[in-house]
Amino acid sequence: MPKQNPHTPFAYGGQAAVEGVMMRGRKNYCLSVRNPKGEIESRTSSIEVSKTLAGLRKIPILRGIVQLGSSAIIGFKVMSDSADIAGIAEDVEPTKFDIWLEKKLGDNMTKYIMVVSLILSLIFSVALFMVLPTWLSGFLSPVLGNNLWALGIIEGLVRLAIFIAYLLLMTRIKEIKRVFQYHGAEHKVINCYEKGDELTPENAARHTRLHKRCGTSFLLFVMMISMIFFLFVQTDTIWLRVLSRILFVPFIAGTSYEVIKWAGISKSPIVAIISFPGLMLQKITTAEPDEKQLEVAITALEGVIAIEEEKLDNKQLENDGAQPA
C-alpha cells in the first residue's frame with residue numbers, strides 16, 4: 001500500500017461523487033465508483049491547464065480563483081461520470097427535449113450541458129449566498145437608522161444562517177446522505193494516508209471524518225471573510241451594495257483559498273482556532289461511511305497516487321501545492 005513520501009510531500013484532495021469518490025493529485029485525478037454489479041470501477045484523467053492559467057497559479061489570490069474554477073469544472077464532470085458508472089442515468093427516461101438536444105448537438109451535448117449547468121449553478125450560488133442576504137438585510141436599514149456597520153454585520157449573519165439552513169436541508173435528501181457518507185470516506189482515507197498508516201478500510205475507519213482543507217470549511221471562510229470585507233465596502237444604495245457583492249466574489253474566493261491552504265499545512269494554535277467552526281460544520285456535510293465506501297475511497301487514492309508517481313519518476317510533474325480535501 002502506498003505511503004506518503006516524506007521527501008516529496010503532497011497533499012492529495014478530492015470530492016465525494018455519486019456512489020463514489022474522486023481523488024485529485026498534481027496533474028491527474030482518479031474517480032472510483034461502485035457500479036450496479038457491486039464492483040469498483042475507476043476512471044483516471046489528466047488535468048489540462050493552459051500556459052496562461054499555469055502562470056496565474058503562481059500569484060496569490062489569483063491562483064485561488066484559477067484553482068476553484070478548475071475544481072468546479074472537474075467537479076461537474078466527476079458527478080456526471082459517477083452517475084453514469086453508478087447506472088443513475090439509465091434509470092431516467094429521456095424526454096422529447098433530451099432527444100431533440102442529442103440530435104442537434106450530437107457528441108458535444110454533454111459538454112454543452114456541463115457548461116450551462118456550471119453557469120446556472122454559479123448564478124444560483126451568487127444569488128442565494130450573496131444577493132439574497134444583501135436584499136433581506138436592506139429591509140432593516142430604516143430600523144438601524146442607516147448604520148452601515150450594523151447593517152454589514154447583520155447581512156453577514158443572514159448569509160451564514162442561509163448557508164447553514166441550506167446544508168441542513170440537503171441532509172434530508174436521501175441521495176445527498178449517501179454522498180455525505182462518501183465525503184466522510186474521502187476524509188478518513190486522506191487522514192489515514194497523511195498519518196502514514198497503511199491504506200486499509202480498518203485503518204481508515206479509525207481516523208476522523210473531518211479535515212481542515214475541506215470544501216465546507218472553505219465555504220465557511222468565504223462567509224466570514226465576506227462579512228469582514230464588506231464592512232469596509234459600504235453604501236446605502238441597495239443596487240450598489242448588491243453589485244459590489246457580485247463583483248468581489250472572485251477576490252473573496254481567492255482570499256479564502258489562501259487561508260484554507262495555509263490552514264491545511266500550518267500547526268499554529270491560531271489555525272486550530274479559526275479551523276474549529278469549519279470542522280464542526282463538517283459534521284453536517286460528512287457522515288460515517290461503511291467498509292465498502294472506504295474501499296472505494298482507497299481505490300481512488302491508490303489510483304491517483306499510482307499515476308502521479310509514474311509521471312513523477314519521469315520528471316513530468318511539479319508540486320503545485322495542496323488540493324482541497
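- A donor-acceptor contact closer than 3.5 angstrom links the side chains of Glu194 and His211.
- Pro289 approaches Gly184 most closely through the heavy-atom pair CG-C, 4.1 Å.
- Here Asn191 contributes atom CG and Arg206 contributes atom CZ; the two are 13.5 Å apart, rounded to the nearest 0.5 Å.
- Looking at Thr237, its side chain never comes within 3.5 Å of a backbone N or O of Trp239 through a donor-acceptor pair.
- Comment: Arg43 engages Asp84 in a salt bridge, judged by a side-chain N to carboxylate O separation of less than 4.0 angstrom.
- The shortest heavy-atom contact between Leu118 and Ala72 is CD1-CB, 3.8 Å.
- The cluster map of Ile, Leu, Val, Met, Phe, Trp and Tyr, joined by side-chain heavy atoms under 4.5 Å apart, puts Ile164 and Leu219 in the same cluster.
- Between Leu56 atom CG and Ile61 atom CD1 the span is 13.0 Å, to the nearest 0.5 Å.
- Donor-acceptor pairing under 3.5 Å is recorded for the side chains of Ser217 and Gln282.
- Put simply, the side chain of Glu308 gets close to the backbone of Arg26: a donor and an acceptor are under 3.5 Å apart.
- Under the 4.5 Å side-chain heavy-atom criterion for ILVMFWY residues, a single connected hydrophobic cluster contains both Ile40 and Ile305.
- The closest side-chain heavy-atom distance from Cys30 to Ile307 is not below 4.5 Å.
- No side-chain heavy atom of Val304 sits under 4.5 Å from any side-chain heavy atom of Met22.
- Atoms CG and CD1, from Leu231 and Ile153 in turn, are 5.5 Å apart once rounded to the nearest 0.5 Å.
- Donor-acceptor pairing under 3.5 Å is recorded for the side chains of Ser46 and Glu48.
- Tyr29 places none of its side-chain heavy atoms less than 4.5 Å from the side chain of Thr44.
- One hydrophobic cluster holds both Leu136 and Val126 under the rule that ILVMFWY side chains link at heavy-atom gaps under 4.5 Å.
- Residues Arg159 and Thr134 have side chains in contact (heavy-atom distance under 4.5 Å, counting atoms from C-beta outward).
- The hydrophobic cluster containing Val33 does not contain Val179, counting ILVMFWY residues as joined when their side-chain heavy atoms lie under 4.5 angstrom apart, directly or transitively.
- For the side chain to side chain contact (heavy atoms under 4.5 Å, CB included) test with Lys212, the passing option among Ile274, Ile260, Val271 is Val271; the others fail.
- Using a 3.5 Å distance cut-off with no hydrogens or angles, the side chains of Thr299 and Ser32 do not pair a donor with an acceptor.
- Under the 3.5 Å distance criterion, with hydrogens and angles disregarded, a donor-acceptor pair is assigned to the side chains of Thr286 and Arg209.
- Without hydrogens or angle criteria, Lys188 side chain to Thr208 main chain gives no donor-acceptor distance under 3.5 Å.
- Closest approach of Ala297 and Met23 over heavy atoms only: O-CE, 3.8 Å.
- How far CD of Glu309 is from CG of Asn28: 12.0 Å, rounded to the nearest 0.5 Å.
- Annotation: the span from Thr216 atom OG1 to Lys283 atom NZ amounts to 13.5 Å, rounded to 0.5 Å.
- In terms of modelled atom types and a separation under 3.5 Å, the side chain of Thr255 and the main chain of Phe251 share a donor-acceptor contact.
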For a side chain to side chain contact (heavy atoms under 4.5 Å, CB included) check, start with the C-alpha distance between Ile59 and Val66, then their side-chain angles and the critical distance, and finish with the verdict.
CA-CA 10 Å; Ile59 305 173; Val66 173; over 6 Å; no
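- Proximity of the aromatic rings of Tyr166 and Phe129 is defined here by a centroid distance below 6.0 angstrom, and this criterion is met.
- Of the possible donor and acceptor atoms, one in the side chain of Gln293 sits under 3.5 Å from a partner among the backbone N and O of Asp290.
- Using a 4.0 Å cut-off between charged nitrogen and carboxylate oxygen, Arg34 and Glu295 count as a salt-bridge pair.
- Side-chain contact between His207 and Ile190 is absent, with no heavy-atom pair separated by less than 4.5 Å.
- The structure places OG of Ser70 at 13.5 Å from CD1 of Ile65, a figure rounded to the nearest 0.5 Å.
- A salt bridge links Glu155 and Arg241; the closest N-O separation between the charged side-chain nitrogens and carboxylate oxygens is under 4.0 Å.
- A cation-pi arrangement, defined by a distance under 6.0 Å to the six-membered ring centre and an angle within 45 degrees of its axis, is present between Arg245 and Phe230.
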Ser256/Met223 under side chain to side chain contact (heavy atoms under 4.5 Å, CB included): CA gap, chis, key distance, verdict:
CA-CA 9 Å; Ser256 301; Met223 301 296 157; over 6 Å; no
Apply the test side chain to side chain contact (heavy atoms under 4.5 Å, CB included) to residues Ile119 and Ile123: give CA-CA distance (whole Å), side-chain angles for both, the deciding distance (0.1 Å), then the verdict.
CA-CA 6 Å; Ile119 292 172; Ile123 292 173; 3.9 Å; yes
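- Within 6.0 Å of the CE atom in Met224, the count of heavy atoms belonging to other residues, nucleotides or ligands does not exceed 12.
- Distance alone, capped at 3.5 Å, places no donor-acceptor pair between the Lys27 side chain and the Ile47 backbone.
- The heavy-atom pair separating Ala16 from His183 by the smallest distance is CB-N, 3.4 Å.
- Using a 4.5 Å cut-off between side-chain heavy atoms of Ile, Leu, Val, Met, Phe, Trp and Tyr, with links allowed through other members, Ile176 and Leu281 fall into the same hydrophobic cluster.
- Across all their heavy atoms, Pro201 and Leu294 have their closest contact at O-CD1, 3.5 Å.
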Quick one: do Arg178 and Glu19 satisfy side chain to side chain contact (heavy atoms under 4.5 Å, CB included)? Show the steps, please.
CA-CA 7 Å; Arg178 291 285 296 173; Glu19 292 302 322; 2.8 Å; yes
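- No side-chain N or O of Glu198 forms a donor-acceptor pair with one of Asn203 less than 3.5 Å apart.
- Side-chain contact between Tyr257 and Trp262: absent, with no pair of heavy atoms (C-beta onward) separated by less than 4.5 Å.
- Aromatic ring orientation, Tyr12 versus Tyr193: perpendicular (interplanar angle above 60°, classes split at 30° and 60°).
- Closest heavy-atom contact between Ser82 and Val18: OG-N, 3.1 Å.
- Here the side chains of Leu68 and Phe218 are in contact, with some heavy-atom distance below 4.5 Å.
- A donor-acceptor pair under 3.5 Å is absent between the side-chain atoms of Glu186 and the main chain of Val21, judged by distance alone.
- By the ring-ring contact (aromatic ring centres under 6.0 Å, His included) test, Phe276 pairs with no residue at all, sequence neighbours left out.
- Within a 6.0 Å sphere centred on CG of Leu247, heavy atoms belonging to other residues, nucleotides or ligands number more than 12.
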